Every structure is written in structure tokens, then in C-alpha cells.
Amino acid sequence: PPTQGTWDEDSLSSETEINMLQAMLAKAVQRKELELNAPAYADANGANGSNGYSGPSFTVKTFNAISPVGLDRFPKGKYSVAGNDDALPDSPMAIMLR
């Protein structure tokens with residue numbers, strides 16, 4: 001069994017950990033609620049499918065023939081996808097291989 005001094009340290013540490021976990025959970029719940037409400041807000045404000053994202057697009061360079069059906073899964077405005085560097089607004093941030 002732990003000594004009294006060890007028990008106090010463990011108890012304090014456990015209490016601190018529990019408080020931290022509760023705070024993290026509360027923030028995660030808040031983010032999820034915002035995420036769930038974002039599409040309705042975005043659609044109401046004309047964002048249409050971008051979930052309100054207004055930053056620069058993520059650039060993805062493709063290699064080989066990638067199906068247009070698969071490429072359509074990348075929302076326009078949020079992603080710029082092309083097989084040619086010149087067709088991308090910036091240097092590629094990612095590559096996609098088939």
C-alpha cells in the first residue's frame with residue numbers, strides 16, 4: 001500500500017488529470033457542436049459545400065491517371081488538384097498516386 005505522502009501526490013496528480021480530461025472533453029464536445037452546425041451556417045451564407053472554409057486551397061499534384069470520380073471527392077475551393085504544377089496556384093502540398 002502507498003504511504004501517506006505518496007497517496008497525497010497520487011491523489012493530487014489524479015485530480016489534476018481528471019480536471020484536464022474534463023476540460024478536454026468539454027472542448028471536444030464544443031468543437032463537435034460547431035462542426036455539426038457549420039454546414040447549415042455555411043449553406044445559409046452561400047458557402048455551398050466548403051463548410052465555410054475561406055482560406056487558401058490545399059494543392060495536390062496527381063501522378064498517373066486518377067479517375068475524375070475520385071477527384072470529385074475533393075471539394076472545389078478547398079482543394080486544387082492537378083497533374084501539372086503550372087495548373088496549381090502554389091507548390092504542391094501533397095501528391096496522389098494511383
Side-chain angles (χ1 to χ4, degrees):
T3 64
Q4 184 63 34
T6 304
W7 176 255
D8 290 340
E9 291 172 11
D10 288 343
S11 176
L12 178 61
S13 176
S14 294
E15 184 176 329
T16 302
E17 289 176 356
I18 289 170
N19 290 337
M20 183 177 60
L21 290 170
Q22 287 174 333
M24 289 172 56
L25 178 60
K27 290 202 178 278
V29 168
Q30 183 181 29
R31 277 193 308 272
K32 187 64 175 178
E33 288 172 354
L34 290 172
E35 183 182 295
L36 291 173
N37 292 327
Y41 175 81
D43 289 342
N45 290 287
N48 291 332
S50 66
N51 290 334
Y53 181 77
S54 62
S57 61
F58 296 96
T59 53
V60 181
K61 181 177 180 179
T62 61
F63 290 86
N64 305 328
I66 308 291
S67 169
V69 174
L71 294 177
D72 287 343
R73 297 183 63 93
F74 291 88
K76 304 289 186 256
K78 188 171 184 178
Y79 295 93
S80 294
V81 182
N84 184 345
D85 285 347
D86 295 333
L88 296 171
D90 291 312
S91 299
M93 297 175 179
I95 61 170
M96 186 184 322
L97 301 170
R98 179 178 62 116

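Just so it is clear, the structure is predicted and the values come from calculations on it, not from any experiment.
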(message) Please check: side-chain N/O of T62 versus main-chain N/O of M96, any donor-acceptor pairing under 3.5 Å?
(response)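 No: the side chain of T62 does not pair with the backbone of M96.
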
Check [X] against [Y] and note the closest heavy-atom contact, atom names and distance.
X: G83; Y: K61; value: O-CE, 3.6 Å
X: T59; Y: P92; value: OG1-CA, 3.4 Å
X: V81; Y: L71; value: CG1-CD2, 3.6 Å
X: S57; Y: P89; value: OG-CG, 3.9 Å

(message) With a 4.5 Å cut-off on side-chain heavy-atom distances among I, L, V, M, F, W and Y, is there a chain of contacts connecting I66 to F74?
(response) yes

(request) Let me see the working for M20 and T16 under side chain to side chain contact (heavy atoms under 4.5 Å, CB included), right down to the final yes or no. (result) CA-CA 6 Å; M20 183 177 60; T16 302; 5.6 Å; no

(message) Quick check for you: to the nearest 0.5 Å, what is the distance between R98 atom CZ and F63 atom CZ?
(response) 13.5 Å

